[in-house]
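Beneath this line is the structure, given in structure tokens, with notes to follow.
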Amino acid sequence: MSLILVIEQVLNGLQSGVMLFLMAAGLTLIFGVMGLINLAHGSLYMIGAFAAAAVAGATGSFLLGLAAALAASAAAGALIEASVLRRLYGRDHLDQVLATFALILIFSEGTRWLFGSFPLYLDIPDWLSGPVLLPGGIHYPLYRLAIIGVGLLVAFGLFALISRTRIGIRIRAGEADREMIGALGVNISVLYTLVFALGAALAGLAGALIGAIQSVQVGMGEPVMILAFVVIVIGGIGSIRGALVGALLVGLTDTLGRIFLPMLFGLFMEPTAATTTGSALASMSIYILMAAVLLVKPTGLYGSAG
Amino acid sequence: MGVRRETMVNTLLLAGLLAVPLWALWADEPFTITLATRVAILALAGVGLNLALGTGGLVSFGHAVFFGIGGYAMGILAFHAQNYTPLIESLSIPGTKSMPVIWAVAVIASALVALAIGALSLRTSGVYFIMITLAFGQMFYYFTISWPAYGGEDGMSIYLRNSFPGVNTLVPFNFFAISFAALLAVLVLVGRLMRAPFGLALSAARQNEARLRAVGIDPYRLRLTAFTLSGAITGLAGALYADLNRFVSPSMFSWQTSGEIMIFVILGGVGRLFGPVAGAALFILLEHFLGGISEYWHIFLGVLLLGVVLFARGGLIGLLAGREVAHD
């Protein structure tokens, strides 16, 4: 057990954390501005991954694949916003949950129909593959390091977009008072579609980036989406900063728990029992974290009102 | 008039659910009896959720937890009984193949878990509640996958259906009758509860929490009681469902299961006592007939669900029986 292992695992935790942030940021933005809970966010993640795998497979270019992922998921997001979800903004959460659940069924089966049940593979491009030597003699995959970089860059860009630009001002105004900014002459339905497409593109980007590490298959989005829900519950709904802190917390807890909890139990239990107990507990660790946060702050770390 | 028409629709539903397997018994179509048994059991799970969702307004997306706990209660008890290993070694408590005992364990275990999950989740409301119940569902799902003692990811099979005193449960119709009787008993119980002060207060907590507080009733305790009861009913359904398939697996805990239980409630009509019965029947019919036409039948289910949510909010019973009469 060495420092190198710890640093490697912390980097892995960061990597899964920033990807969760891309998911959670879209969800929390959409909830904050439109008051909509979108279960189909995982489908947008899946669409991004499939678009990337299909285009990268056809053209051989990873970057074209990424562009396709952004375009496809943003387009799918804008489409469902304009056709279905727009009708649901004033409805109660139950209707939103059901309608977006129906969208999951349609997207998942539609994708299975188009691409079949076998997973697709998205290859890491040559210029991003292989390990990189970090200070301290740690060999770490370049691609995962690049993912962390992209995630942090997007997080920074999103903060800048929301706090510094005119469109960001409108988004924040939309969160504060929908009717008012409509009355002030902002075309609110265009703004909503834009926000939704932005959130969808973030999910699609995450799906494409993760698609190169894991296999691209139907149903890949929902577990990630539910993790993003845990992130939002921990961070507080509607808060981008909460989403970032929550995502990093969840990513680190999950990754470190999986490696170190079995080791920890190994200190005072026999090896097989330690492995089962440790990994079973690790699979529950983020939910225990969520429960703990809820006990202390029911509206999440950065949430305002429930 | 609406009430009387709804009673008629409800009676027809139950009669239909009983008549189909009776016909199948006469025509010697055991598969149809199994389908009807599935309807009865899934309806029971839906009745459980409907108590929390329809009457209490608690949008739980985690009822698979209780369904799964009921299933695993059956699986674990029967597993130890069929392998002649003690359930708890130090106390040498044996497993059991007796349905009533299994049901009692399933109901108590799922009620306790519902109490714990409810106590935490009900501190929040609205979207938080939906997300948290969904998250706890995933927790149990991943836990059962990573816990190897009872089959882990593969689940486990029980070779023989469990026994019920005085009834040969291996005969498909007999097991249908047991499930149908359980459904009827729970419908009567929940129907009485909904008309009792508890049900009225629970309904009031959904409609106007502030007023309920003003008359001195604590909505938290009321909702927690309803959530616990709701979990216990769905747990019973889980035990029966496991017995029907003689198989339990982590998929009983999956979010799709939670979603499907919710679909039964919605397709039938939220908050209507017999809604889940209509919804489960419709779901099984769709699965059977559409599933026979196309393996992608979930697309049609999705479109139908979308249609119900957007345009027909009373569900099937709402369509058949007209709008619910207002209670003032």
Side-chain angles (χ1 to χ4, degrees), chain A residues 27 31 35-37 39 84 87-88 91-110 112-113 117 219 222-223 225-230 232-233 236-237 258 272 275-288 290-291 294-295 298-300 303 306, chain B residues 53-54 57-59 61 116-117 119-132 134-149 152 254-256 258-260 262-263 265-267 270 294-311 313:
Chain A
L27 275 173
F31 184 80
L36 177 90
I37 171 170
L39 290 188
V84 176
R87 300 163 191 268
L88 294 168
R91 299 275 198 93
D92 59 25
H93 295 312
L94 176 61
D95 286 354
Q96 301 176 347
V97 162
L98 291 166
T100 51
F101 180 60
L103 288 176
I104 294 184
L105 293 175
I106 296 170
F107 276 128
S108 292
E109 287 306 299
R112 201 194 306 278
W113 178 66
S117 298
E222 282 71 34
M225 173 205 69
I226 299 174
L227 275 186
F229 278 168
V230 175
I232 294 179
V233 168
I237 300 182
R258 267 173 220 289
T272 46
T275 312
T276 45
T277 318
S279 52
L281 199 65
S283 71
M284 298 167 73
S285 59
I286 51 170
Y287 307 101
I288 296 169
M290 177 185 83
L294 278 176
L295 277 176
T299 54
Chain B
L53 178 72
L58 308 170
V59 185
F61 211 124
I117 291 182
L120 261 174
S121 334
L122 287 168
R123 292 167 57 88
T124 65
S125 61
V127 188
Y128 277 99
F129 184 80
I130 302 172
M131 293 181 182
I132 292 163
L134 191 53
F136 278 125
Q138 288 298 91
M139 176 171 104
F140 277 86
Y141 176 69
Y142 287 121
F143 178 78
T144 40
I145 283 185
S146 63
W147 191 253
S254 70
W255 67 270
Q256 287 97 334
S258 293
E260 280 181 6
M262 206 182 241
I263 290 183
V265 176
I266 305 311
L267 285 185
V270 188
S294 161
E295 68 176 298
Y296 307 108
W297 74 279
H298 273 113
I299 294 189
F300 302 109
L301 180 67
V303 172
L304 178 71
L305 183 61
L306 206 54
V308 169
V309 174
L310 290 178
F311 307 113
R313 303 183 67 195

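Per chain, numbering begins at 1; letters A, B, ... match sequence-line order.
- For a residue to count as touching a neighbouring chain, one of its non-hydrogen atoms must lie under 4.5 Å from one of that chain's; by this rule Phe31(A) touches chain B with the side chain only.
- For Arg112(A), the parts lying under 4.5 angstrom from a heavy atom of chain B are both the backbone and the side chain.
- Contact annotation for Leu53(B): only side-chain heavy atoms (C-beta onward) come within less than 4.5 Å of a heavy atom of chain A.
- With Tyr296(B) contributing its side chain and Gly110(A) its backbone, the two residues share no donor-acceptor pair below 3.5 Å.
- Of the atoms belonging to Ile286(A), not a single heavy atom falls under 4.5 Å from chain B.
- For a residue to count as touching a neighbouring chain, one of its non-hydrogen atoms must lie under 4.5 Å from one of that chain's; by this rule Leu281(A) does not touch chain B.
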Exercise for the section: I would like to know whether Phe129(B) and His93(A) meet side chain to side chain contact (heavy atoms under 4.5 Å, CB included); could you show each step before the answer? Expected result: CA-CA 10 Å; Phe129(B) 184 80; His93(A) 295 312; over 6 Å; no

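- For the residue pair Ile237(A) and Tyr128(B), the shortest heavy atom distance occurs at N-OH, 2.9 Å.
- Of the two parts of Val230(A), only the side chain, counted from C-beta on, holds a non-hydrogen atom closer than 4.5 Å to a non-hydrogen atom of chain B.
- Checked by atom type and distance alone, the side chain of Arg123(B) never pairs as donor or acceptor with a backbone atom of Thr299(A) at under 3.5 Å.
- Taking chain A as the reference chain and counting heavy-atom pairs below 4.5 Å, the highest number among Val59(B), Val127(B), Thr144(B), Leu120(B) is found for Val127(B).
- A 4.5 Å side-chain heavy-atom check between Leu227(A) and Gln138(B) finds every atom pair outside the cut-off.
- Of the atoms belonging to Leu98(A), heavy atoms from both backbone and side chain fall under 4.5 Å from chain B.
- Residues Ser279(A) and Trp147(B) have side chains not in contact (no heavy-atom distance under 4.5 Å, counting atoms from C-beta outward).
- Counting heavy atoms from C-beta on, the side chains of Met131(B) and Ile37(A) come closer than 4.5 Å.
- Counting heavy-atom pairs closer than 4.5 Å to chain A, the top residue among Ile132(B), Ile263(B), Leu301(B) is Ile132(B).
- Using a 4.5 Å cut-off between heavy atoms, Ile104(A) contacts chain B through its side chain alone, with no backbone atom that close.
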